[in-house]
Amino acid sequence: MFHFEQTIANVKKHVLVLSLVKMRYKLLHSWDVRPDEAVEIQEMLAGSVRIQRVERLETVAGTDVSFSGSRAYAAAVLLDYQDMRLLDVSFADMDVGYPYIPGLLTFREGPVILRALEGIDDADVLLFDGQGIAHPRRFGEASHLGLLLDRPSVGCAKSRLCGEFSEPGKERGSFSLVVDRGEIVGAALRTRTNVKPVFVSPGHMSDLSSAIEIALNCARSHRVPEPLRLAHILSSKRARSKR
DNA sequence: GCGACAG
DNA sequence: ATCTTGTCGC
């Protein structure tokens with residue numbers, strides 16, 4: 001299928017020469033908290049999310065996490081926004097410290113994702129496999145991690161978490177708004193004609209039109225945007241090989 | 001109490 | 001998410 005090992009080796013060699021600034025983030029809270037405390041943290045930080053148009057778009061990053069028993073494996077990739085060429089890759093893995101609870105996904109995947117992101121160069125926008133503000137407390141994974149990383153971010157999930165929406169048109173590019181409690185929180189976007197839509201929503205420092213534009217640009221020959229698709233392939237491959 | 005529920 | 005092969009269709 002692909003030859004990622006070789007590709008990754010070449011990429012790494014290249015990055016050593018023109019390495020920019022590696023991704024950094026600030027922990028605004030502990031990850032070791034009870035579910036009720038996690039909810040409080042989300043409600044407290046949600047007010048800091050900024051909705052604005054994304055200007056500079058030369059690079060895009062994507063992350064994903066795969067699980068194997070009690071271990072979580074994350075992959076972070078950096079791609080060129082124009083040709084979707086791979087520019088940098090990084091991996092991280094750690095013991096699973098939190099169960100999957102709808103609405104609290106970040107407390108399960110956030111820690112490993114951040115560690116993987118520390119290994120790649122800064123990106124103009126970050127793509128996450130999950131919701132942005134299309135979340136009960138308007139603070140999904142993309143919003144949460146985007147805020148900690150202080151970078152523009154977009155949420156792109158394969159299914160909906162909250163809100164109502166109507167079936168979008170069948171053509172690639174058509175979309176319908178996702179409305180939750182009277183608020184437009186995202187969109188059901190068709191990235192490929194006659195294929196189930198993906199759910200995009202602003203994370204942090206991005207807006208809905210930017211989110212739609214970015215997801216569409218990154219989804220070329222597949223339903224899932226290239227950065228997320230690649231991160232998924234790499235993390236799952238690493239998860240099963242290490243067992 | 002019942003159904004919904006990112007990965 | 002994960003357990004898993006082939007198979008129908010664009």
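As the structure is a computational prediction, the values presented were derived from the model and not from experiment.
Between the side chain of A/Arg24 and the main chain of A/Asp122, no donor-acceptor pair closer than 3.5 Å is present. The backbone N or O of A/Ser143 sits nowhere less than 3.5 Å from a side-chain atom of A/His204 that would complete a donor-acceptor pair. Of the possible polar contacts, none joining the A/Thr106 side chain to the A/His144 backbone as a donor-acceptor pair under 3.5 Å is found. Here the side chain of A/Gln42 pairs no donor or acceptor atom with the backbone of A/Gly140 at under 3.5 angstrom. The closest donor-acceptor contact from the side chain of A/Tyr25 to the backbone of A/Glu118 lies at 3.5 Å or more, if one exists at all. Between the side chain of A/Arg240 and the backbone N or O of A/Lys237 there is no donor-acceptor pair closer than 3.5 Å. In this structure, the side chain of A/Arg172 does not engage the main chain of A/Thr193 through any donor-acceptor pair within 3.5 Å. At distances below 3.5 Å, at least one donor-acceptor pair connects side-chain atoms of A/Asp124 with backbone N or O atoms of A/Glu58.
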Solution key, residues 216-223 of chain A side-chain donor-acceptor pairs under 3.5 Å, sequence neighbours excluded:
unit_1   : atom_1 : unit_2   : atom_2 : d
A/Asn217 : OD1    : A/Arg220 : NH1    : 3.3
A/Asn217 : ND2    : A/Tyr81  : O      : 3.1
A/Arg220 : NH1    : A/Asn217 : O      : 2.5
A/Arg220 : NH2    : A/Gln82  : O      : 2.4
A/His222 : NE2    : A/Arg229 : NH2    : 3.4
A/Arg223 : NH1    : A/Lys196 : O      : 3.4
A/Arg223 : NH1    : A/Pro197 : O      : 2.8

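Annotation: cation-pi pair A/Arg160/A/Phe165 absent, no NZ/CZ under 6.0 Å from the ring centroid and within 45° of its normal.
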*So A/Asp129 and A/Lys158, salt bridge (charged side-chain N to carboxylate O under 4.0 Å, His left out) or not? Walk me through it.*
CA-CA 8 Å; A/Asp129 189 353; A/Lys158 295 177 292 300; 3.0 Å; yes
*Are A/Glu167 and A/Arg190 close enough, and set up right, to give a salt bridge (charged side-chain N to carboxylate O under 4.0 Å, His left out), and what steps lead you there?*
CA-CA 10 Å; A/Glu167 193 66 11; A/Arg190 198 82 71 178; 3.4 Å; yes
*Using Watson-Crick and G-U wobble pairs whose two distances are both under 3.5 Å, how do you write the pairing of DNA chain B as dot-bracket, with | for links to another strand?*
.......
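Proximity of A/Glu40 to A/His29: side-chain heavy atoms (C-beta onward) are nowhere separated by under 4.5 Å.
Within the nucleic acid shown, A/His232 comes within 4.0 Å of sugar-phosphate atoms alone, with no base atom in reach, counting heavy atoms only. Contact annotation for A/Ser68: no contact, since no heavy-atom pair falls under 4.0 Å across all strands.
A salt bridge between A/Asp95 and A/Arg71 is present, with a side-chain N of the basic residue lying under 4.0 Å from a carboxylate O of the acidic one.
Here the straight-line distance linking atom CD1 of A/Ile214 with atom OG of A/Ser153 works out to 9.5 Å at 0.5 Å rounding.
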Considering only nitrogen or oxygen atoms on both sides, find all protein atoms under 3.5 Å from nucleotides 3-7 of chain B and state each distance.
unit_1 : atom_1 : unit_2   : atom_2 : d
B/dA4  : O3'    : A/Arg160 : NH2    : 3.4
B/dC5  : OP1    : A/Arg160 : NE     : 3.4
B/dC5  : OP1    : A/Arg160 : NH2    : 2.7
B/dA6  : OP2    : A/Tyr100 : OH     : 2.4
B/dA6  : N7     : A/Gly103 : N      : 3.1
B/dA6  : N6     : A/Gly103 : O      : 2.9
B/dA6  : N6     : A/Leu104 : N      : 3.4
B/dA6  : N6     : A/Leu105 : N      : 3.3
B/dA6  : N6     : A/His135 : NE2    : 3.4
B/dA6  : N1     : A/Glu141 : N      : 3.1
B/dA6  : N3     : A/Gln131 : N      : 3.0
B/dG7  : OP1    : A/Lys158 : N      : 2.7
B/dG7  : OP1    : A/Lys158 : NZ     : 3.4
B/dG7  : OP2    : A/Ser159 : OG     : 3.0

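Near DNA chain B, defined here as any heavy-atom distance below 4.0 Å, there are no residues from residues 194-205 of chain A.
Taking a pair as Watson-Crick or G-U wobble with both distances under 3.5 Å, DNA chain C contains no run of three or more consecutive pairs.
Interface limits on DNA chain C: the 5'-most and 3'-most nucleotides within less than 4.0 Å of chain A heavy atoms are C/dA1 to C/dC3.
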